[in-house]
Structures are given as structure tokens and as C-alpha cells.
Amino acid sequence: MQGTVDGFSYGVFTPIAAFVMACLGSALGLRCVTRSLRAAQSFKPGWLSLGAASIGCGIWTMHFIAMMGFQVRETPISHDVPLTVASLAVAVLVVGAGVFIVGYLGSAPAVLITAGVITGLGVAAMHYLGMAGLSLEGQLHYDTTIVTISVVIAVVAATAALWAAVSVRGFFPSLLASLIMGVAVTAMHYTGMAAISVHLAGGAPRTGASGDALPSIMFPMLLGPVVFLVLAGVVVMFDPLLILGDGEWNETPARKRETNRPELTDAPGGPGAARTMPGPPTWTGGGGTANRDTGTPPPEPPRSARW
């Protein structure tokens with residue numbers, strides 16, 4: 001018996017909320033990766049890790065908010081918590097692999113393609129691992145062609161996201177890139193969901209969470225990633241580079257010493273002008289000039305040759 005699949009049991013609320021979370025995670029991740037390119041080497045891994053976790057949590061949160069609207073009318077649905085948590089770990093790790101590759105190796109085409117394929121396949125693995133965590137009275141079957149299309153979308157979206165992370169500068173270009181990434185990731189999810197059909201098993205349905213009770217199970221799992229995204233947003237918003245730009249706070253000690261050298265700041269021409277430092281005192285005598293401190297006599301003037 002074929003089950004009746006409904007991916008929009010809450011109407012447009014779940015797709016819109018899922019899209020917003022995907023855009024939020026993408027925006028935070030882009031900002032963190034961009035910031036890592038201007039940070040000292042000691043801080044670079046931290047910014048890249050924060051960016052990877054932001055993008056991974058955004059994608060995972062998008063997926064499971066969208067899953068809150070998924071139900072099969074003839075059977076209750078529950079989630080396997082270990083597999084669900086494992087899908088979150090997969091999302092963060094594979095995005096981290098791609099982010100670190102482009103963060104350290106640059107945006108050459110070969111580097112971007114390699115990182116994009118790794119990340120895209122990982123995002124697709126996160127999606128289908130999460131789907132494998134569904135428990136219902138029946139079996140899930142997938143249309144191979146549509147699954148392939150969803151994987152291609154994931155790879156293209158991941159490659160574009162990594163390119164934008166190391167190439168896009170400025171607020172509005174980054175905002176546009178985040179919106180495009182949000183659209184791509186959400187489209188990948190719903191394309192993958194369109195590949196699903198449910199073949200119901202015979203007999204009485206197994207006891208599980210119904211479509212109405214599903215949010216009460218998923219809210220606690222979503223709480224952690226959502227809180228992390230909020231905290232990451234606070235870190236990014238209070239980054240001095242975002243607020244102040246390149247200022248004195250970002251100067252290195254060597255640069256400060258160079259700027260504050262007395263001969264550069266006290267010169268008559270102002271900062272940057274050369275300043276003449278006084279030499280040792282001298283005295284003048286009949287035959288020339290000598291140093292008063294050392295008493296060294298001046299050299300005798302050359303005498304004309306006598307024949």
C-alpha cells in the first residue's frame with residue numbers, strides 16, 4: 001500500500017522558517033571566513049571553525065525545520081536521535097573540510113571544485129542520513145534520478161558557497177550571496193524530499209510520534225544549533241573589524257613603534273618628515289674645526305708644493 005506523503009503539513013511556515021535559518025547560517029559563515037582572511041595566523045583556525053560550524057548548523061537546522069512539516073498520513077513518524085545527531089556532526093565536519101581547504105589553499109578552480117565536491121557530497125549525506133533516522137510503519141523508497149539531481153544541486157551550492165566565502169566582499173554582496181545560498185540549500189532539501197515514496201507495511205501501525213507530536217520531539221534537538229547560531233551572530237556583530245574597520249586596534253606592535261618614533265612625529269614638517277638630530281659640539285679655530293669633547297685638532301690644510 002502506498003502512503004500519502006505531505007511535506008507541507010504546516011503550510012508555508014516550515015519552508016519559510018527553513019529558508020531563513022539557511023540564510024542566517026550562510027551569512028554568519030561567509031562573514032567568519034572573510035574575517036579569517038584578514039586575521040593573524042594564530043586566529044585563522046578559530047574563525048574558519050566558527051564559519052564551518054555556522055554553515056553546518058544552518059543547513060542542519062534548515063533540514064529539520066523543514067522536516068517538521070513532513071508527515072505520512074497513514075502512519076505515525078518518530079526520529080532516531082543518534083542518527084539525527086550524527087547527521088549534524090556530518091554537516092559540520094564536511095563543511096569544515098571545505099572551508100579549511102579554501103581558507104588555506106585559496107580559490108583556484110581546482111581547489112574550489114575539490115572542496116565543493118567534498119562539501120556537497122557531505123551535505124547530501126547529512127540529508128539522507130537524517131532521512132534514514134525516520135521511523136515509520138513502512139519503507140522509504142527513492143527515485144534515483146531525483147536523488148542524483150539533489151546531489152548535483154548540493155555540490156553546485158557548496159562550490160558557490162565556498163567561492164563566495166573567499167571572494168565576496170562588502171555587506172550587500174555578502175547578503176545577496178547568503179540569499180542565493182539559502183535558496184540553493186532549501187531547493188536541494190525539497191528536491192530530495194520529492195524523491196521519496198512510502199510503501200506501508202501491513203498490520204496495525206507501530207506506536208510512535210504522530211505528525212502533531214513531532215515538533216515536541218524535534219524542538220529540543222533544534223534548540224542547541226539555534227542557540228549556537230545566535231551566539232555566533234553575537235560574536236560576528238561585535239567583531240571590531242566589522243564595527244571600527246582597520247584602525248589603531250588592528251595595528252601590530254612593530255607598526256605602532258614605527259608610527260610613534262620621535263624622529264617621525266616631532267619633525268618640523270609633521271609626522272613622516274625627516275628630523276635632523278644635533279651632532280656633537282664643535283669649536284672653530286684658525287686652521288679649521290675640531291671636536292670640543294675629544295679635543296681632536298683639525299687637519300692641517302694642504303700646503304702648496306715648493307720647488
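Throughout, residue positions are numbered sequentially from 1 according to the sequence presented.
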TODO: Quick one: closest heavy-atom pair of Ser49 and Phe100, and the distance?
DONE: OG-CZ, 3.4 Å
Task: Joint cluster assignment, Val156 & Val123, ILVMFWY side-chain distance < 4.5 Å - done: no
- [ ] May I ask whether Leu121 and Ile146 are part of the same hydrophobic cluster, defined by side-chain heavy atoms of I, L, V, M, F, W, Y residues being less than 4.5 angstrom apart, directly or through others?
- [x] no
Task: Distance (rounded to the nearest 0.5 Å) between Tyr10 OH and Ile16 CD1 - done: 16.0 Å
Task: Polar side-chain atom of Lys44 near backbone of Tyr104 as donor-acceptor pair, under 3.5 Å - done: no
Task: Nearest heavy-atom neighbours spanning Leu88 and Cys57 - done: CD1-SG, 4.3 Å
Open item on the list: Distance check, rounded to the nearest 0.5 Å: Ile101 atom CD1 versus Leu112 atom CG?
Closed with: 10.0 Å
TODO: Check the pair Met181 / Cys23 against side-chain contact (heavy atoms from CB on, under 4.5 Å), numbers first and verdict last.
DONE: CA-CA 7 Å; Met181 288 165 57; Cys23 292; over 6 Å; no
TODO: Could you tell me whether a side-chain N or O of Thr75 sits under 3.5 Å from a main-chain N or O of Glu137, the two making a donor and an acceptor?
DONE: yes
TODO: Decide yes or no for Asp6 and Phe70: does some side-chain heavy atom of the first lie under 4.5 Å from some side-chain heavy atom of the second?
DONE: no
TODO: Grab the two heavy atoms, one from Ser178 and one from Ser26, that are nearest each other, plus how far apart they are.
DONE: OG-C, 4.0 Å
Task: Criterion side-chain contact (heavy atoms from CB on, under 4.5 Å) on His63 and Met188, from CA distance to verdict - done: CA-CA 10 Å; His63 171 80; Met188 171 264 177; over 6 Å; no
- [ ] Return the minimal non-hydrogen interatomic distance between Gly182 and Ala22, and the atom names on each side.
- [x] CA-CB, 3.9 Å
TODO: Might you point out which heavy atoms bring Leu30 and Ala161 nearest each other, and give the distance in Å?
DONE: CD2-O, 3.9 Å
TODO: Taking the side chain as every heavy atom from C-beta outward, state whether Val183 and Phe19 have any atom pair closer than 4.5 Å.
DONE: yes
Open item on the list: Tell me whether Gln71 contacts the main-chain N or O of Ser9 through its side chain, where contact means a donor paired with an acceptor under 3.5 Å.
Closed with: no
Open item on the list: Name the residue from Val111, Val117, Ile118 that meets the side-chain contact (heavy atoms from CB on, under 4.5 Å) definition with Thr114.
Closed with: Ile118
- [ ] State, yes or no, whether a side-chain contact exists between Pro82 and Asp80 at a heavy-atom distance under 4.5 Å.
- [x] yes
Task: Side chains of Thr119 and Leu162 in contact at under 4.5 Å (non-hydrogen atoms) - done: yes
Open item on the list: I need the Ser78 OG to Leu136 CG distance, nearest 0.5 Å.
Closed with: 8.0 Å
Task: Ile196 and His141: CA distance, side-chain angles, deciding distance, side-chain contact (heavy atoms from CB on, under 4.5 Å) verdict - done: CA-CA 6 Å; Ile196 293 175; His141 293 267; over 6 Å; no
Open item on the list: Looking only at side-chain N and O atoms, does Ser87 offer a donor or acceptor that is under 3.5 Å from a partner on Trp60?
Closed with: yes
Task: For Ala18 against Ile65, the heavy-atom pair lying closest together - done: N-CG2, 3.8 Å
Task: Gap separating the CZ atom of Arg31 from the CG atom of Leu175, nearest 0.5 angstrom - done: 13.0 Å
TODO: List for me each residue that meets salt bridge (Lys or Arg N to Asp or Glu O under 4.0 Å) alongside Asp143, sequence neighbours excluded, and say none if there are none.
DONE: none
Open item on the list: Does any part of the side chain of Tyr128, heavy atoms only, come nearer than 4.5 Å to the side chain of Val147, both counted from C-beta?
Closed with: yes
TODO: Verify the neighbour count for atom CD of Gln139: are there more than 12 heavy atoms of other residues, nucleotides or ligands below 6.0 Å?
DONE: no
Open item on the list: A quick test of your reading: do over 12 heavy atoms of other residues, nucleotides or ligands sit less than 6.0 Å from OH of Tyr190?
Closed with: yes
Task: Distance in Å, Gln2 CD paired with Leu200 CG, rounded so as to fall on 0.5 Å steps - done: 7.5 Å
Open item on the list: Let me check something: do Tyr142 and Met67 share a hydrophobic cluster, defined by ILVMFWY side-chain heavy atoms less than 4.5 Å apart, either directly or through other members?
Closed with: yes
Open item on the list: Taking Val102 as the starting point, is it possible to reach Trp163 by hopping between hydrophobic residues whose side chains are less than 4.5 Å apart?
Closed with: yes
Open item on the list: Under 4.5 Å between side-chain heavy atoms, counting indirect links through other Ile/Leu/Val/Met/Phe/Trp/Tyr residues: same cluster for Leu48 and Leu93 or not?
Closed with: no
Open item on the list: Quick one, His189 and Thr186 - any side-chain contact, counting heavy atoms below 4.5 Å?
Closed with: no
Task: Centroid separation Phe8 to Phe13 less than 6.0 Å - done: no
- [ ] Would you give the length of the straight line joining atom CD1 of Ile59 to atom CE of Met126, rounded to the nearest 0.5 angstrom?
- [x] 6.0 Å
